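By convention in this document, chain letters (A, B, ...) are assigned in the order of the sequence lines, proteins followed by strands, and residues within each chain are numbered from 1. Everything numeric here is computed off the predicted structure, so don't read it as measured data.
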There are 2 protein chains.
Amino acid sequence: MSRSNPKVLSTLERAGGFASAQEVYRLMQREGQSIGLTTVYRSLQSLVNDKIVDVLRRDDGEAIYRLCGDAHHHHLVCKGCGDTVEIEGGAIEKWAKTMAEEFGFREVGHTAEIFGLCQRC
Amino acid sequence: MSRSNPKVLSTLERAGGFASAQEVYRLMQREGQSIGLTTVYRSLQSLVNDKIVDVLRRDDGEAIYRLCGDAHHHHLVCKGCGDTVEIEGGAIEKWAKTMAEEFGFREVGHTAEIFGLCQRC
DNA sequence: TCACAAATGAAAATGATTTTCATTTCCATA
DNA sequence: TATGGAAATGAAAATCATTTTCATTTGTGA
């Protein structure tokens, strides 16, 4: 097991809190930081395990990593440019609760994402 | 450009209307149908272009193809035993639509899952 | 029958991600 | 300070889905 290299997290932050492993790597290279691609992958995975970042998939299948705020919210993601809007999920919360009750589920969480093309794309 | 090999579509149907290209290929092989992986990919792409099937991504990044018109539904998954209940997402559909409109997003899709512990777990 | 376009598929290429493994860095303790 | 082991690192190889290349086959209209 390995812990996250802090420079990976700070680079992800600098990238707008949203980038693929390859992008983080290229960015660090360009900035002259010496790091291996393997370490970038490991660090990102570790951050995902620790729930510090979320992982999504681009349309082409590439994984993109995103800093996660702590407030519970949902995302509206542009398939074109990757732009993300954090949105409230009032209706979702109620829906999840209702459904869980109906089927007798306890300790319930949920995920919900909306994706489409933003105005510019 | 190539048109879809009809056997690919019928295999996807037989697979429950939901499978990856590799799975469709393996299924056809197992059934003794002679087809190349390339043709499976091409056919599925063509079906996507014609909007006869949807394409989504598994968590591991593999593309999965789904017959359109399959009833759209969501899942209630047990964290303990993995049991899954297919549920309706009426409230979600409306929420997704409203949010997308509010931010000017087009061609919108969404994912939503609820997870918790079922009665037995 | 002929010619040509479309379809096919084997094999190679691509690209992200993971694994392997030898090396280096840390750190606690003798 | 020296030392031993655990954790971190990264280059290179392996993996795996997907795409591209290209030669061959098939189908079709003249």
Side-chain angles (χ1 to χ4, degrees), chain A residues 1-12 15-68 77-82 84 115, chain B residues 1-12 15-67 111:
Chain A
M1 206 57 46
S2 67
R3 228 169 298 140
S4 164
N5 180 318
K7 288 180 180 172
V8 169
L9 178 55
S10 81
T11 303
L12 184 58
F18 202 99
S20 72
Q22 303 280 345
E23 286 164 357
V24 169
Y25 175 68
R26 268 177 254 134
L27 191 51
M28 292 180 78
Q29 295 265 298
R30 226 176 293 133
E31 289 174 352
Q33 300 194 50
S34 167
I35 193 167
L37 184 54
T38 313
T39 302
V40 172
Y41 273 103
R42 271 194 289 241
S43 292
L44 288 170
Q45 266 164 355
S46 162
L47 289 168
V48 169
N49 285 343
D50 296 348
K51 305 207 187 304
I52 295 168
V53 313
D54 271 347
V55 58
L56 297 178
R57 292 274 166 185
R58 286 224 184 90
D59 265 5
D60 67 356
E62 190 172 353
I64 46 182
Y65 300 85
R66 183 182 55 186
L67 273 173
C68 225
V77 183
C78 177
K79 289 189 280 196
C81 61
T84 302
F115 41 90
Chain B
M1 207 55 47
S2 66
R3 229 169 295 139
S4 165
N5 179 318
K7 288 179 180 172
V8 169
L9 179 53
S10 82
T11 304
L12 183 58
F18 204 95
S20 72
Q22 302 280 345
E23 286 164 357
V24 168
Y25 175 67
R26 268 178 253 134
L27 192 50
M28 294 181 77
Q29 295 264 298
R30 227 176 291 133
E31 289 173 351
Q33 301 193 49
S34 167
I35 194 169
L37 184 54
T38 313
T39 302
V40 172
Y41 272 103
R42 271 194 290 239
S43 292
L44 287 171
Q45 266 163 356
S46 162
L47 289 168
V48 170
N49 286 343
D50 298 348
K51 304 210 188 302
I52 295 169
V53 313
D54 271 347
V55 57
L56 299 176
R57 292 274 167 187
R58 286 225 184 91
D59 268 3
D60 66 358
E62 190 172 353
I64 48 183
Y65 300 85
R66 180 182 60 179
L67 274 173
T111 64

*Can you tell me the distance, in whole Å, between the CD atom of B:Gln33 and the P atom of C:dG9?*
11 Å
*What is the nucleic acid contact for A:Gln45, judged by heavy atoms within less than 4.0 Å: base, sugar-phosphate only, or nothing?*
sugar-phosphate
_Any heavy-atom pair between the side chains of A:Tyr65 and A:Leu12 that's under 4.5 Å?_
yes
*Report yes or no: does A:Ser43 contribute a side-chain atom to a donor-acceptor pair with the main-chain N or O of A:Asn5 at less than 3.5 Å?*
yes
*Indicate, with a heavy-atom threshold strictly under 4.0 Å, whether A:Ile35 touches base, sugar-phosphate, or nothing.*
sugar-phosphate
*Could you check which of C:dA16, D:dA17, D:dG10 has an atom nearest any side-chain atom of B:Arg26?*
D:dA17
*Of the nucleotides D:dT18, C:dT17, C:dT8, which has the atom closest to the B:Leu37 side chain?*
D:dT18
_B:Asp60 CG - C:dT18 P separation (whole Å)_ = 10 Å
*Taking all non-hydrogen atoms of both residues into account, name the closest pair between B:Ile35 and B:Gln29 and its distance.*
O-NE2, 3.7 Å
*Side-chain N,O (B:Asn5) to OP1/OP2 (C:dA7) below 4.0 Å*: no
*Give one of base, sugar-phosphate or nothing for B:Glu62, where a contact means two heavy atoms less than 4.0 Å apart.*
sugar-phosphate
*asked:* Is it the case that D:dA11 (base atoms only) and A:Thr38 (side chain only) share a donor and an acceptor within less than 3.5 Å, ignoring hydrogens and angles?
replied: yes
*Given C:dA16, D:dT19, C:dG9, which nucleotide is nearest the side-chain atoms of A:Tyr41?*
C:dA16
_Does either side chain, that of A:Gln33 or that of A:Tyr25, offer a donor lying less than 3.5 Å from an acceptor on the other one?_
no
*Tell me: CG of B:Asn49 to P of D:dT19, nearest whole Å?*
11 Å
_For atom CZ of B:Arg57 and atom P of C:dT17, their distance in whole Å_ = 11 Å
*asked:* Atom CG of residue position A:Asp50 - does it have more than 12 heavy atoms of other residues, nucleotides or ligands inside 6.0 Å?
replied: yes
*asked:* Given D:dA17, C:dA16, C:dG9, identify the nucleotide with an atom nearest to the side chain of B:Thr39.
replied: C:dG9
_Whole-Å gap separating P (C:dT8) and NZ (B:Lys7)_ = 10 Å
*A:Arg42 has an atom CZ; how far is it from atom P of D:dA7, in whole Å?*
14 Å
*A:Gln22 CD to C:dT14 C1': how many Å, rounded?*
12 Å
*Would you mind reading off the distance between B:Leu44 atom CG and D:dT19 atom P, rounded to a whole angstrom?*
10 Å
*Of the nucleotides D:dA17, C:dA7, C:dT17, which one has an atom closest to the side chain of B:Arg3?*
C:dA7
